Each structure stands twice: as structure tokens, then as C-alpha cells.
Amino acid sequence: MDGKYLALDLGAESGRAMFARLAEGKIELTELHRFANTPVQLPTGLYWDTLRLFHEICEGIRASCKAADELDGLAIDTWGVDFGLIGNGELLHNPRHYRDARTDGVMEEVFVRVPRIQIYEQTGLQFMPINSLYQLYCIQRDSPELLDAASQLLFMPDLFNYFLTGTVAVERTIASTSQFYDPTRKAFATDLLRQLDISAKFLPGLIDPGMELGSVLPYVAERCGLKHDLKVYTAGSHDTASAVAAVPAQPGENWCYISSGTWSLMGIELQRPLINDTALEANFTNEVGVDSTIRFLKNIPGLWLLQECRRAWAKEGHDYSYADLMQRASAARSIDTILDLDQFLSPGNHPRRICEFCRKTQQEAPQDPGSTTRVILQSLAARYAEVLNVLEQLTGRSLEVVHIVGGGSQNRLLNQLTANAIGRRVIAGPSEATAAGNALTQAMGADDINSLEELRSVVRASFSLEEFRPQN
């Protein structure tokens, strides 16, 4: 077990290039390059700064040249649902941001043509207006000439892989976030698209995590200063797929996970999709994981609300760090207010919107950043408790421990509030689960690791974990 890998992890708020060294049953991660992922608002909508992101990816590869004489591979993971269209080898439009307002109300338009139950039977995916299906429907409705010109649809990690290697392919875990992928048939739900008058001609072939795509193109090698061939692999290209692969669960443990960041994705790992009327009513999702697993989960608005509050406070001249806010929240007077997190999905002045929500629901409104932060965290913990209860009902499992991974696992106050709310042990870490899962999935593709269980044993041996038990 020996290898050097570069994990390029792009989240909705920031991206990182992480150098991973695998040796003697352990993985060591070093951050080489970090960059902001800032969307751009134009009169026509909200967009990702895609070309700037690719520039930063190349800067991460350049930094890796200084960290290692030679890499065994690199892989990219990103957030889900968003995509670009390719025609004649070129990017036809700049990919829209999933929070763009164009999909507001679109689900209801789609349900008129294809009933909700039929969509769920084919895709098993949670209904959210941000899903790729509704974005694609908007393009077909408003700009059909764009789809006519498109020869390939590539989700964000697939698009960056295309820029790096020239290979056109869609990785399965990212495709499964679209709501036009059928996890039972393991293929795109082309019949669903045809019912919406959308041709499937631009859907490339599907490939699994850990597959080699080829070496970086000469122009990338020259730009990044590479002096050797560098293989590009698929990771769990959806960042949550890589994060869940790196959950340090013990064999035989009855566990669920929370991948905690801008979004909180809470669920369990299954061997086959769970698609029935009860799962539809609960609006749970079936997404593909590493090693042909199914991530049966609920998408929960995570630390997004706190991130938006920080942005609003910064505009007022108060640039609070997360550490400062956690100290203020810990010291704040406890109030019983619980927010409906789904009411805060769009950008805006969230401190003011929280007060408006409290007024409408006749709850006590937080009066300062500390109490606002505490209310956000306890609302998130309460939502976790609700989802855990539904998970147990849907699967018939008694879940004994909750693993929290990702950047949010470093929030000790949230971890303790979660343990209190769910009444179970919480094990926090690793915070860099996505990067670890990305690199170790590459190692599986290179035959340095033989199984998902071996991957998790490497994670357990490599990172310090912290346990939280329920308190009054």
C-alpha cells in the first residue's frame, strides 16, 4: 500500500487541492492550494465562475509538482446537480448556479406533464427545485436552440475532467444527483426525459468511481509544469460520495452519517435502492456511492444559513470568524426557537429573515449574532433528530451511532447539540473526509486498496476522532 495522489475538492463555498500520501496503512493529507468559489450574478441569472475554477484547478496541479516528484493520479469531486453543455468540443454556456431563481416553481410545471410518483419510481431522488432535471427543463423551455447545439452534457466534475483529458464521460455518483438517473437500472432515465420532450442524444456513457480517464493533455502539462504523465481518475465525483466512502464506521456497527458542510446530507448506506411510497412521502433520495453502494439520505440545508448570516454581518462591518461566533453562541442565553431551514434556501439578508420568520411563527427572535448562531445550530440539530427517526422507520434499523464527517464536524457546539437532540453517540471526524475519500478511491482504482472496508480501515487508522454523548 503505497501511493501519492492529488485530491481536487470543490465545494459550494471553496475549493482545495490536497496532496495525499498513502503508506503503511495510513493516509496523510496536506493542503497545497485553497481558493474561494464565488458565484457571479448577471442580469440573466446566477452563474459559477467556471473558467476561474479551472484556472485554480491547474494552480493546484502546479502546486503538486513542488510537493512530489511524481503523482500516481489525481481526481476531482464537486457539488452535485449543476452541469455544462458541450458542442463542437466547446463549452456552449457558462453553467448556472443551483440557487439561480429560474427554477422557482418549475417542479409544478413538470408534474403537470409527468406525475411526481412516476418521476420518483424512475429515479428515487428527493424532490428539490435545484435538481438537474428542472434546470434542463428550463433550458428546453426557454432556450431549446442550446440543447439542439449540444452534443454532450457534462456535470461539473466531468466538465473539468474533459478540460484536463479530453475524455467525455459521466461518473455515476454525480449523475445520480440529477433526477434523470435510474439507480435500479443503473442508467439514465431517458424515457422520463422523452416525456418532457428532451432528447437524450447528449448524454455520454457512464463510468464508475476509481476508473482511469487518461493522462492530462499536453497543454495542461505545460501550463502546470509537469515533467511526467499524470493519470486522471474518477473519484466519487459527487463530493458527498467521496465523503461517505471515508466514514470511519466499524464493521457490524449500526450507523448513519451526516456529511456536514454548506449542506448536511444525512443517511445510511444500502446495497440496493429503497424506492417505495413511504420513501416518496418522506422525500428521501437514492444516490450512488463508491463500490456500487446506495446513499439513502436526506438533503438538509446545513451551515448555509450561518454562512449567509456571516456575509450579511460582514456587509454591516462585522467580519465575525466562525470561532468567534461559536464562542458567542456558547455564551448566549438559551431560547427554544426552532427555524424551518427550508425557508432559507435562497441568498439574502438572513439575520433579518430569521427575525421575520420568528415573528410569523410567534417564536422568540434572537437579538445578536451569538444567539442567532445558537438558534441556527439547535434548529439543525432538531432537524437531524427528525430525519434520524424517519430513517429508522423507513429501513427498520435501530441506529446506534451517528458519524459526522466534513468541515462541519469541527463544530463542537453543533456536535454536542446534535448528540443531545438525537440521544445517541456522535463520532466526529475526519473533517477532510471528502479529500480522503477522493484520494483513497483513486487508490482503489490503482489497486493499492482492495475494498471499501479496507478504505475505511485506512481512515480509522489515520485520523483522530472525537466522541460526543448526550447531555441534559
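The structure presented is a predicted model; accordingly, all values stated were derived computationally and were not measured.
Annotation: the span from Leu133 atom CG to Leu192 atom CG amounts to 5.5 Å, rounded to 0.5 Å. Summarising the geometry, atom CG belonging to Asp197 is positioned 10.5 Å from atom CG belonging to Leu193; distances are rounded to the nearest 0.5 Å. Here the OG1-CG distance, from Thr177 to Asn299, works out to 9.0 Å after rounding to the nearest 0.5 Å.
Between Phe155 and Phe188, the ring planes lie parallel to each other; the angle is under 30°, not in the 30° to 60° tilted range. Aromatic ring pairs are classed by plane angle as parallel below 30°, tilted from 30° to 60° and perpendicular above 60°; the pair Phe54 and Phe163 is perpendicular.
Around the NZ atom of Lys231, the shell of radius 6.0 Å holds no more than 12 heavy atoms that belong to other residues, nucleotides or ligands. By the 6.0 Å contact criterion, CG on Asp229 is open, its count of non-hydrogen atoms from other residues, nucleotides or ligands being 12 or less. Atom CD of Glu281 sits in a sparse spot, with 12 or fewer heavy atoms from other residues, nucleotides or ligands closer than 6.0 Å. The neighbour count for Glu90 CD, taken as heavy atoms of other residues, nucleotides or ligands under 6.0 Å away, does not exceed 12. Atom NZ of Lys186 has 12 or fewer neighbouring heavy atoms from other residues, nucleotides or ligands inside a 6.0 Å radius.
Of the residues listed (Tyr120, Tyr137, Phe127), the one engaging Phe111 in a ring-ring contact (aromatic ring centres under 6.0 Å, His included) is Phe127, and it is the only one. The side chain to side chain donor-acceptor pair (under 3.5 Å) test with Asn94 is passed by exactly one of Thr44, Thr50, Asp49: Thr50.
The main-chain N or O of Ala7 is never found under 3.5 Å from a side-chain atom of Asn438 such that the two would form a donor-acceptor pair. Between the side chain of Arg99 and the backbone N or O of Leu345, at least one donor-acceptor pair lies under 3.5 Å. Between the Asp182 side chain and the Thr184 main chain, a donor and an acceptor come within less than 3.5 Å of each other. Using modelled atom types, one side-chain atom of Glu171 and one backbone atom of Ile174 make a donor-acceptor pair closer than 3.5 Å. Side-chain atoms of Ser176 do not come within 3.5 Å of backbone N or O of Glu287 as any donor-acceptor pair.
No salt bridge links Asp142 with Arg102; every basic N to acidic carboxylate O contact stays at or beyond 4.0 Å. A salt bridge links Arg16 with Asp9: at least one charged nitrogen is closer than 4.0 Å to a carboxylate oxygen. A salt bridge links Arg383 with Asp342: at least one charged nitrogen is closer than 4.0 Å to a carboxylate oxygen. Comment: Glu308 engages Arg311 in a salt bridge, judged by a side-chain N to carboxylate O separation of less than 4.0 angstrom. Salt-bridge annotation for Arg113 and Glu108: absent, with no side-chain N of the basic residue lying under 4.0 Å from a carboxylate O of the acidic one. Note on Arg456 versus Glu269: salt bridge recorded, some NZ/NE/NH1/NH2 to OD/OE distance being below 4.0 Å.
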Under the side-chain contact (heavy atoms from CB on, under 4.5 Å) rule, what do Leu32 and Met18 come out as? Steps first, then yes or no, please.
-> CA-CA 6 Å; Leu32 302 179; Met18 304 288 289; over 6 Å; no
Given the rule in the side-chain hydrogen bond (donor to acceptor under 3.5 Å, both in side chains) test, do Tyr5 and Arg21 qualify, once you have shown the distances and angles that lead to the verdict?
-> CA-CA 7 Å; Tyr5 300 95; Arg21 185 184 298 274; over 6 Å; no
side-chain contact (heavy atoms from CB on, under 4.5 Å) assessment of Ile427 paired with Glu466 | CA-CA 6 Å; Ile427 297 177; Glu466 186 172 9; over 6 Å; no
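The shortest non-hydrogen separation linking Val459 to Ala246 is CG1-O, 3.3 Å. Among all heavy-atom pairs drawn from Gly236 and Asp77, the shortest one is O-CB, 3.6 Å.
Cation-pi geometry between Arg397 and Trp255 is not satisfied (NZ or CZ under 6.0 Å from the ring centre, within 45° of the ring normal). Both tests pass for Arg310 against the ring of Tyr322: distance under 6.0 Å to the centre and angle within 45° of the axis.
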